[in-house]
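Letters A, B, ... mirror the listed sequences (proteins, then strands); counts begin at 1. The analysis underlying the following values was restricted to heavy atoms, covering all of them including side chains, and did not include hydrogens, waters or symmetry mates.
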Amino acid sequence: MATNTNHPDKPAGLEFEGRTHSLDTLHEMHDMMLFIRRFEEKAGQLYGLKKIGGFCHLCNGQEAVCVGMQHASRPTDYVLTSYRDHGHVLARGSDPTAVMAELLGRAGGIVKGKGGSMHMFDIERNFAGGNGIVGEQVPIGLGFGFSSWYRGDDRVTLCVMGDGGVNQGGVYESFNMAALWKLPVVFVIENNQYAMGTSLDRASAETHLFKRGISFKIPGMQIDGMDVLAVEKHMREAIEHARSGQGPILVEAITYRYRGHSMSDPATYRTREEVDEWRTGRDPIARLENQMIEAGLATADEFKQKDREIKKRVNAIAKAAEAQPEPDPSELWTDVYANPIEGAYPYPGKVG
Amino acid sequence: MNKITYREALNQAMCEEMERDERVFLMGEEVAEYNGAYKVSQGMLDKFGPKRVIDTPITELGFAGLGVGAAMAGLRPIIEFMTWNFAILAMDQIVNAAAKMLYMSGGMYKVPIVFRGAGGSAARVAAQHSQALENWMANIPGLKVVMPSNPADAKGLLKSAIRDDDPVVFIENEINYGDIGEVPAGEYLIPLGKADVKRPGKDITLVAHSRMTGFALAAAEELAKQGIDAEVVDPRTIRPLDEETILRSVAKTNHCVVIEEGWRFAGIGAEISARIMERGFDDLDAPVLRVTGKDVPMAYAANLEAMTLPSVAEIVEAARVSLNRA
Ligand SMILES: Cc1ncc(C[n+]2csc(CCOP(=O)(O)OP(=O)(O)O)c2C)c(N)n1
Ligand SMILES: [Mg+2]
């Protein structure tokens, strides 16, 4: 571990419930959370300028879940999410210019401009998709877990869903099979307490979502999703549980989204006070910064400087992405079939 | 050549492909210990063990999605639906996930999966268990839709479907499972997307798939007695459709009747008829006619059930109308 250069008398890292994080790791986590925050703000701006279209779901406030989870997993583990996927794919280490280009519908988009905000994929990083149908990623994630069981490849699948998504039937079908066959899957519920405009208590008879696995004998834990160190620690435990062959496990991360459900949502279903309480009182980035400053691991000025650099970097990324052309029209017809049948596809679709 | 049943041909195809490729596995309700609801997977559990022949809970959406994920991760699942009626519960995974994954992921994630099971009407099981839904799936870019009408095609097409890198909807027919036919032993592959002329003829083209191919052949026999020489074309693959073989036949006969078990509205016959009109208009001496299932849910009573399905007599009649000999 590096020494604490600012305060040689103080520890060189932070301890959380028995886990010590080096200064480097703390900075990595912090910088990624802040990067996601600024990236999302930029995306919001570009949406306002009508450069990003369609649905655009930002994850401001939820960064600790994305980053803590990735720090606890291996690059070989699989990750699947809902449409609220920018933060997760960035935390996974995907090229942010490609992610931004995707939002802008450009040729160099991470999926060539064919998926947009809701459908980020990165096969090299085992990021198996953003899915637009609520809950759809859960049975698919089960299949990734099945493939690890089938091959004995020691990978774990992290399958992320929302507090709304957890009400889909396919989720319980998946819980049952995952438990029945002891598949190495960690089901992560990002409980940001709202599904669009529907608060948790208006949609769920059992609001302790970590208990939703009980009738399938799936252990569950509720964690503070606003604390990246807590997420890292407990996700590490959950992933170890799944990797050790004990079967699936459920993690409910309590979190909050600061913005509306998507860019078109003014979020009138909740009070200003409620949002402020989370935003100023429990923000995951400010929290880690304060912890690091208190421990003498960094200074407020250092973080300010970092923020300036990250904003600059995000601006440069947006510029580079915007400069890209739209996909070539020929791309319309590619990737429909892996084995297209010659002469039979594409179907004649135009006159003449 | 061996004389075997349609269900044995399917079994052979799966066993040969599982022997050939470790990544292939079979999953579905009652496929393992019960040996298959229709005995298509007879003996496969004994041969391959419980890791590769897997009984599922009754959970179509869940295990269809499992198959999609496993295929994305590089395995080659065969997902059996006891019948396609129950696959309706899995439609999100077939349509929104399997079919679109390659495109949405910009070519990153292939989904080499076969969804298979019995489709079409069975005997006396009423509305929820008797329907032909291939037009739903044939409408979706990204899917291939295959429907064999005899044992040899069942084997050759299923082997190709398992080796294909795209999601294949493979619809068998419950009534055909016991049909016996000559089937080549061992390696026998029929390319997807190729129609087959089941009976050559010069006066009229009858296009029919799955169980209706047999009806069309029977109608052709009857027409022959009346001095009409009918050609029977079986598309075998519904999507992508082998338009060329159909157009070539119509160019020769100048008359066409399309037969299908499914409902008339936006059915397979509507599609084939439109394509002939678009590209073979000048070859036609009469409008393309359609013989389809009646536009009602399937009833239980034997007489109503028979009335709902296309009949050989209706096909004969349509051919005579087309040829102006009614
Ligand atoms: C099957 C389905 N039904 C409805 C929708 C519309 N929809 C999109 S997001 C959403 C709310 C989901 O909330 P939650 O699961 O809590 O995730 P969050 O948006 O909070 O991340 C709804 C109803 C959809 N995309 N898919
Ligand atoms: Mg939510």
Side-chain angles (χ1 to χ4, degrees), chain A residues 78 80 102 109-116 118-119 121-124 128-133 135-151 155 157 168-174 176-177 180-181 183 331 334-348, chain B residues 22-23 25 27 51-52 54 56-75 77 89-90 92-93 96-97 99-112 141-144 163-166 191-194 237 239-244 275 278-279:
Chain A
Y78 297 113
L80 294 96
E102 191 58 41
I110 196 163
V111 290
K112 308 198 284 193
K114 290 181 171 179
M118 298 184 284
H119 307 298
F121 291 81
D122 189 343
I123 196 167
E124 277 171 37
N131 284 278
I133 304 298
E136 184 177 55
Q137 71 276 20
V138 183
I140 302 175
L142 180 79
F144 276 88
F146 176 87
S147 81
S148 294
W149 170 84
Y150 190 87
R151 295 178 169 128
R155 299 180 186 210
T157 298
Q168 286 285 24
V171 170
Y172 299 94
E173 300 188 19
S174 303
N176 185 39
M177 283 184 277
L180 195 59
W181 300 327
L183 303 183
E331 280 294 338
T334 61
D335 307 322
V336 183
Y337 291 101
N339 300 152
I341 290 168
E342 213 172 320
Y345 191 86
Y347 286 160
Chain B
E22 281 281 320
R23 298 169 300 173
F25 67 91
M27 172 176 273
K51 188 169 180 179
R52 298 184 70 196
I54 305 151
T56 65
I58 305 158
T59 187
E60 282 80 8
L61 175 65
F63 67 74
L66 187 156
V68 172
M72 288 170 73
L75 301 181
L89 282 89
D92 176 53
Q93 288 292 341
N96 271 322
K100 298 169 182 169
M101 201 57 76
L102 186 72
Y103 201 81
M104 283 196 315
S105 69
M108 274 188 216
Y109 279 99
K110 289 189 288 195
V111 187
L143 296 180
K144 290 171 179 167
R163 290 189 202 183
D164 199 271
D165 283 336
D166 292 307
L192 304 188
K194 292 281 169 273
T237 300
R239 182 188 185 100
L241 190 67
D242 179 0
E243 199 172 291
E244 299 306 325
R275 299 235 204 153
E278 284 168 347
R279 290 190 57 208

Trainee: What is the distance from atom NZ of A/Lys112 to atom CE of B/Met108, rounded to the nearest 0.5 Å?
Mentor: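 If we round to the nearest 0.5 Å, A/Lys112:NZ and B/Met108:CE are 9.0 Å apart.
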Trainee: As an exercise: rank B/Thr237, B/Thr56, B/Leu143, B/Asp242 by heavy-atom pairs under 4.5 Å with chain A and give me the winner.
Mentor: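 Heavy-atom pair counts peak at B/Leu143.
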Trainee: I'd like to verify something: which residue of B/Leu61, B/Asp166, B/Asp164 has the highest number of heavy-atom pairs under 4.5 Å with chain A?
Mentor: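 Highest number of heavy-atom pairs under 4.5 Å: B/Asp166.
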Trainee: Show the nearest heavy-atom pair for residues A/Asp122 and B/Tyr109, with the distance to one decimal.
Mentor: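 It is O-OH, 4.3 Å.
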Trainee: Which heavy atom in B/Gly142 sits nearest to a heavy atom in A/Tyr337, and how many Å separate them?
Mentor: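 Nearest pair, atom of B/Gly142 first, then A/Tyr337: N-OH, 3.2 Å.
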Trainee: Please say whether more than 12 non-hydrogen atoms of neighbouring residues, nucleotides or ligands are located less than 6.0 Å from CG in A/Leu180.
Mentor: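 More than 12 heavy atoms, drawn from other residues, nucleotides or ligands, come within 6.0 Å of this atom.
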Trainee: Less than 4.5 Å apart, side chain to side chain, heavy atoms only: is that true for B/Leu192 and A/Ile341?
Mentor: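 The answer is yes, as the side chains (C-beta and beyond) meet within the 4.5 Å cut-off.
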Trainee: If we only count heavy atoms from C-beta on, is the B/Met72 to A/Phe121 side-chain gap below 4.5 Å?
Mentor: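 A side-chain contact under 4.5 Å exists here.
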Trainee: Are side-chain heavy atoms of A/His119 and B/Ser105 found at a separation under 4.5 Å?
Mentor: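 A side-chain contact is absent here, since even the closest heavy-atom pair is not under 4.5 Å.
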Trainee: Step through the shown structure and confirm whether more than 12 heavy atoms of other residues, nucleotides or ligands are within 6.0 Å of CD on B/Glu244.
Mentor: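 Enclosed: over 12 neighbouring heavy atoms sit under 6.0 Å from CD of B/Glu244.
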Trainee: Nearest 0.5 Å, what's the CG-CD distance between B/Asn96 and A/Glu136?
Mentor: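 CD of A/Glu136 is found 5.5 Å from CG of B/Asn96.
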Trainee: Got B/Met101 and A/Ile140 here, is their nearest side-chain heavy-atom distance under 4.5 Å?
Mentor: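 Yes - at least one pair of side-chain heavy atoms lies under 4.5 Å apart.
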Trainee: Given that the side chain runs from C-beta out, which part of A/Tyr172 has a heavy atom under 4.5 Å from chain B: side chain, backbone, both or neither?
Mentor: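 Neither; nothing under 4.5 Å.
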Trainee: So for A/Glu331, is it side chain, backbone, both, or neither that comes closer than 4.5 Å to the heavy atoms of chain B?
Mentor: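 Backbone only.
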Trainee: Are A/Phe146 and B/Phe25 an aromatic pair, judged by ring center distance below 6.0 Å?
Mentor: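 Yes, ring centres under 6.0 Å apart.
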Trainee: Measure the shortest side-chain to side-chain distance between A/Pro139 and B/Leu66 over non-hydrogen atoms and say whether it is less than 4.5 angstrom.
Mentor: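 A side-chain contact is absent here, since even the closest heavy-atom pair is not under 4.5 Å.
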Trainee: Using non-hydrogen atoms and a 4.5 Å limit, figure out which bit of A/Thr157 sits close to chain B: side chain, backbone, both or neither.
Mentor: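 Contact with chain B involves no heavy atom of A/Thr157 at all.
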Trainee: Rounded at 0.5 Å granularity, tell me how far CZ in A/Arg151 sits from CD in B/Glu22.
Mentor: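 Going from the CZ atom of A/Arg151 to the CD atom of B/Glu22 covers 11.5 Å.
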Trainee: Pick from A/Thr334, A/Val111, A/Val336: which one makes a side-chain contact (heavy atoms from CB on, under 4.5 Å) with B/Tyr103?
Mentor: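 Option passing the side-chain contact (heavy atoms from CB on, under 4.5 Å) with B/Tyr103: A/Val336.
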Trainee: Could you tell me whether a side-chain N or O of B/Asp165 sits under 3.5 Å from a main-chain N or O of A/Asn339, the two making a donor and an acceptor?
Mentor: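 No; judged by distance alone, with no hydrogens or angles, the pair does not exist.
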Trainee: Go through the side-chain N and O atoms of A/Tyr150 and B/Arg23 and say whether any donor and acceptor fall under 3.5 Å apart.
Mentor: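 Checked: A/Tyr150/B/Arg23 side chains show no N/O donor-acceptor pair below 3.5 Å.
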Trainee: Checking heavy atoms, do the side chain of A/Trp181, its backbone, both or neither come under 4.5 Å from chain B?
Mentor: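 The side chain, not the backbone.
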Trainee: Less than 4.5 Å apart, side chain to side chain, heavy atoms only: is that true for B/Phe63 and A/Glu173?
Mentor: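 The answer is no; the side chains never approach within 4.5 Å.
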Trainee: What pair of heavy atoms forms the shortest contact from B/Pro57 to A/Asn176, and how long is it?
Mentor: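 In this case the closest contact between B/Pro57 and A/Asn176 is CG-ND2, 3.7 Å.
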Trainee: Identify which of B/Ala64, B/Ala97, B/Ala71 forms the greatest number of heavy-atom pairs closer than 4.5 Å to chain A.
Mentor: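 Sorted descending by pairs with chain A, the first entry is B/Ala97.
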Trainee: Would A/Met177 and B/Thr59 count as a side-chain contact (heavy atoms from CB on, under 4.5 Å) here? Give the steps.
Mentor: CA-CA 9 Å; A/Met177 283 184 277; B/Thr59 187; 3.6 Å; yes
Trainee: Which heavy atom of B/Lys110 sits nearest a heavy atom of A/Ala338, and at what distance?
Mentor: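 In this case the closest contact between B/Lys110 and A/Ala338 is CD-CB, 3.7 Å.
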